[in-house]
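A short write-up of the structure that comes next.
Numbered from 1 within each chain, the chains take letters A, B, ... in sequence-line order.
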Amino acid sequence: MKTTSFMGNLLSALKNARRWRQNQLTKFHSKTLHAGKPPESNDFYSAFSIHTRLLKSSLLTHTTATNHLINRYAKLQEIEHARRLFDELPEPNVVSWTSLMAGYIGVGRPEVALWLYGRMRRSAVLPNEFALTTVANACSVLADLRVGRGIHAHVEVFGLRGNVVVCSSLVDMYGKCNEVDEARRVFDSMSNKNIVSWTSMITAYAQSGKGKEALHLFWEFDYSRFGFPNHFMLASVVNACSSSGSLVSGRIAHGAVIRYGYDTNDVIASALMDMYAKCGYFNYCEKVFRRIENPSVVPYTSMIVGAAKYGLGMLSLELLEEMIDRGVKPNDVTFLGIPHACSHSGLVDDDLAILESMDKKYGIIPDARHYTCVVDMLGRIGRLDKAYELAKSIQVRPEEGALLWGTLLSASRLHGQVEIATEASNWLIKSNQQLSGFAEFSA
DNA sequence: ATAGGGTTAG
């Protein structure tokens with residue numbers, strides 16, 4: 001009897017102590033996190049100062065307090081700091097895990113997020129709608145259908161199929177994995193939809209080349225229920241028009257863009273430019289571009305690519321110089337367009353020079369996609385030996401290999417280079433075997 | 001406290 005009451009007292013004392021501590025923490029936070037000066041409140045030093053103060057008050061083992069900090073570092077892309085804090089936590093909760101996973105996705109390492117999710121599942125922490133949305137997002141980025149299906153199953157298991165955000169991210173995930181029908185099934189099963197769900201589905205169609213279906217869905221979209229289309233939706237609709245190659249619907253979409261006042265939006269303008277270029281109207285493409293006051297890297301890239309399509313390689317290179325002069329930094333996609341520009345205009349030496357300086361001058365490390373573009377370029381002009389040499393010189397993942405060797409194969413077929421074609425198809429088979437091998441292994 | 005949609009290559 002005595003023992004039990006003693007234990008009971010001890011327990012309530014502990015509970016009180018915890019409540020007290022929680023109160024202190026809340027006060028501490030309203031002081032440190034919300035009273036700070038807004039302009040500085042989001043930078044590294046403010047995070048660092050909170051970090052220092054938590055360290056001094058030895059609260060770094062406290063989950064809720066540390067979560068704020070993990071989240072902050074994650075948002076600042078300071079993933080190592082976030083990770084270290086997480087590792088020190090004796091009892092990470094679902095918020096800690098989610099923040100860290102989102103942080104890894106943010107720095108372009110979604111595979112780590114998936115790995116963390118696996119670890120979380122093996123711990124006692126149960127996923128919630130935030131965690132599942134975040135991992136679904138990681139699967140989208142990686143186009144990992146196998147894990148994605150598993151996440152979908154977890155959504156069902158944890159009774160979250162009624163959550164709009166979770167389901168929209170599933171639609172997006174299936175779309176990015178090229179499983180449009182599956183995406184549609186999830187979309188149709190949703191009882192609550194909003195503009196994001198609709199956009200995800202339209203995007204899923206547009207990105208898998210089903211422009212017609214995308215447009216059809218857009219016409220079904222009910223403005224009176226969900227509000228007017230926003231720039232996300234319109235960008236996707238314009239993209240759908242370029243993938244269906246229909247100038248008529250493209251012009252209608254352009255009309256809608258103007259009507260809703262988004263014609264100065266960078267991203268939408270780029271989509272419009274791409275649409276006109278693909279439909280054979282480079283004049284319109286250029287017109288849209290010249291209407292943008294301060295084009296960012298995206299419309300510049302669209303313009304470079306558009307010019308390249310029409311054999312205006314010199315113009316592409318001039319645009320590259322122009323953007324650099326204006327202080328707009330080219331990115332990895334820009335440099336995917338450059339080989340394309342050169343292969344259509346006999347400017348190969350320029351191109352190789354630019355690719356060599358990609359890293360040195362612009363700090364962009366060429367990856368498999370860039371090499372594939374150069375291989376494509378060399379292939380087009382018939383320099384297949386050089387292309388083969390280049391293809392062999394790099395390490396690629398199986399899916400990248402399939403693309404790389406497929407490119408070389410079609411180029412060597414085009415030029416009747418039997419030996420290189422044979423080599424390329426051997427490599428292609430190898431890549432495909434690796435791909436299906438992974439599939440079997442994971443099934 | 002933590003979560004979702006758009007563009008630019010082939």
### Message
Heavy atoms within less than 4.0 Å of DNA chain B: which residues of residues 199-235 of chain A have one? Give them sorted by number.
### Response
Thr199(A), Ser200(A), Thr203(A), Gln207(A), Asn230(A), His231(A), Phe232(A), Ala235(A)
Give the table of side-chain donor-acceptor pairs shorter than 3.5 Å for residues 265-280 of chain A, with sequence neighbours excluded, one pair per line with atom names and distance.
{"from": "Asn265(A)", "atom 1": "OD1", "to": "Val267(A)", "atom 2": "N", "distance (Å)": "2.9"}
{"from": "Asn265(A)", "atom 1": "OD1", "to": "Ile268(A)", "atom 2": "N", "distance (Å)": "3.0"}
{"from": "Asp266(A)", "atom 1": "OD2", "to": "Ser296(A)", "atom 2": "N", "distance (Å)": "3.2"}
{"from": "Asp266(A)", "atom 1": "OD2", "to": "Ser296(A)", "atom 2": "OG", "distance (Å)": "2.4"}
{"from": "Ser270(A)", "atom 1": "OG", "to": "Asp266(A)", "atom 2": "O", "distance (Å)": "2.8"}
{"from": "Asp274(A)", "atom 1": "OD2", "to": "Lys278(A)", "atom 2": "NZ", "distance (Å)": "3.0"}
{"from": "Tyr276(A)", "atom 1": "OH", "to": "His254(A)", "atom 2": "ND1", "distance (Å)": "2.6"}

### Task
Check DNA chain B against residues 169-178 of chain A and give the residues with a non-hydrogen atom under 4.0 Å, in numerical order.
Asp172(A), Lys176(A)
### Query
Between atom CD1 in Ile268(A) and atom P in dG5(B), what is the gap in whole Å?
16 Å
### Query
Taking the side chain as C-beta and beyond, is there a heavy-atom pair between Leu247(A) and Tyr281(A) under 4.5 Å?
yes
### Task
Mind calculating the distance between CG (Asn192(A)) and P (dG4(B)) to the nearest angstrom?
19 Å
### Message
For a quick test of reading the model: is some side-chain N or O of Asn137(A) closer than 4.0 Å to OP1 or OP2 of dA3(B)?
### Response
no
### Task
Using a heavy-atom cut-off of under 4.0 Å over every strand shown, decide if Asn67(A) touches base, sugar-phosphate, or nothing.
base
### Query
Is the phosphate of dG4(B), meaning OP1 or OP2, less than 4.0 Å from a side-chain N or O of Asn163(A)?
no
### Under the ring-ring contact (aromatic ring centres under 6.0 Å, His included) test, residues paired with Phe232(A) that sit two or more places apart
none
## Note on the structure
Residues pairing under salt bridge (charged side-chain N to carboxylate O under 4.0 Å, His left out) where one sits in residues 126-135 of chain A, two or more places apart or in two chains, turn out to be none
## Note on the structure
Closest to the side chain of Asn93(A), out of dG4(B), dA3(B), dA1(B), is dA1(B)
### Query
For His415(A), what residues pass the ring-ring contact (aromatic ring centres under 6.0 Å, His included) criterion, not counting sequence neighbours?
none
### Query
Once you round it to whole Å, what is the distance between P of dT2(B) and CH2 of Trp97(A)?
19 Å
### Query
Tell me the ring pair (Phe, Tyr, Trp, His ring centres under 6.0 Å) pairs involving residues 175-210 of chain A, sequence neighbours left out?
Phe187(A)-Trp198(A), Trp198(A)-Phe221(A), Trp198(A)-Phe226(A)
### Message
If the condition is salt bridge (charged side-chain N to carboxylate O under 4.0 Å, His left out), which residues does Arg121(A) pass it with, not counting sequence neighbours?
### Response
none
### Query
Roughly how many Å is it from CE in Met273(A) to C1' in dT8(B), rounded to a whole number?
9 Å
What pairs of donor and acceptor atoms, side-chain ones from residues 319-329 of chain A against any protein atom, are under 3.5 angstrom apart with sequence neighbours left out?
{"from": "Glu322(A)", "atom 1": "OE2", "to": "Tyr300(A)", "atom 2": "OH", "distance (Å)": "2.7"}
{"from": "Arg326(A)", "atom 1": "NH1", "to": "Tyr300(A)", "atom 2": "OH", "distance (Å)": "3.3"}
{"from": "Arg326(A)", "atom 1": "NH2", "to": "Glu293(A)", "atom 2": "O", "distance (Å)": "3.3"}

### Task
For Asp332(A) and dT7(B), give me the distance from atom CG to atom C1', rounded to whole Å.
13 Å
### Query
In whole angstrom, what separates Met323(A)'s CE from dT8(B)'s C1'?
10 Å
### Query
Between dA3(B), dA1(B), dT8(B), which nucleotide has the shortest distance from any of its atoms to the side chain of Val165(A)?
dA3(B)
### Task
Using side chain to side chain contact (heavy atoms under 4.5 Å, CB included) as the criterion, point out the one residue from Val141(A), Thr133(A), Val135(A) that pairs with Asn137(A).
Val141(A)
### Message
By the salt bridge (charged side-chain N to carboxylate O under 4.0 Å, His left out) test, which pairs, at least two apart or in different chains, include something from residues 253-262 of chain A?
### Response
none
### Query
Checking all strands, does Val164(A) fall into the base, sugar-phosphate, or nothing category for heavy-atom contacts under 4.0 angstrom?
base
### Task
Using ring-ring contact (aromatic ring centres under 6.0 Å, His included) as the criterion, list what pairs up with Phe158(A), not counting sequence neighbours.
none
### Query
Rounding to a whole Å, what distance do you find between Asn331(A):CG and dT8(B):P?
12 Å
### Query
Are the charged groups of Arg185(A) and Glu182(A) less than 4.0 angstrom apart, N to O?
yes
### Task
Using a heavy-atom cut-off of under 4.0 Å over every strand shown, decide if Leu132(A) touches base, sugar-phosphate, or nothing.
nothing
### Query
Considering only heavy atoms and no angle criterion, is a donor-acceptor pair shorter than 3.5 Å present between the side chain of Asn128(A) and the base of dA3(B)?
no
### Query
Atom CG of Leu116(A) to atom P of dT2(B): distance rounded to whole Å?
18 Å
### Message
Can you pull out the residues from residues 289-310 of chain A that lie within a 4.0 Å heavy-atom distance of DNA chain B?
### Response
Val298(A), Thr301(A), Ser302(A), Val305(A)
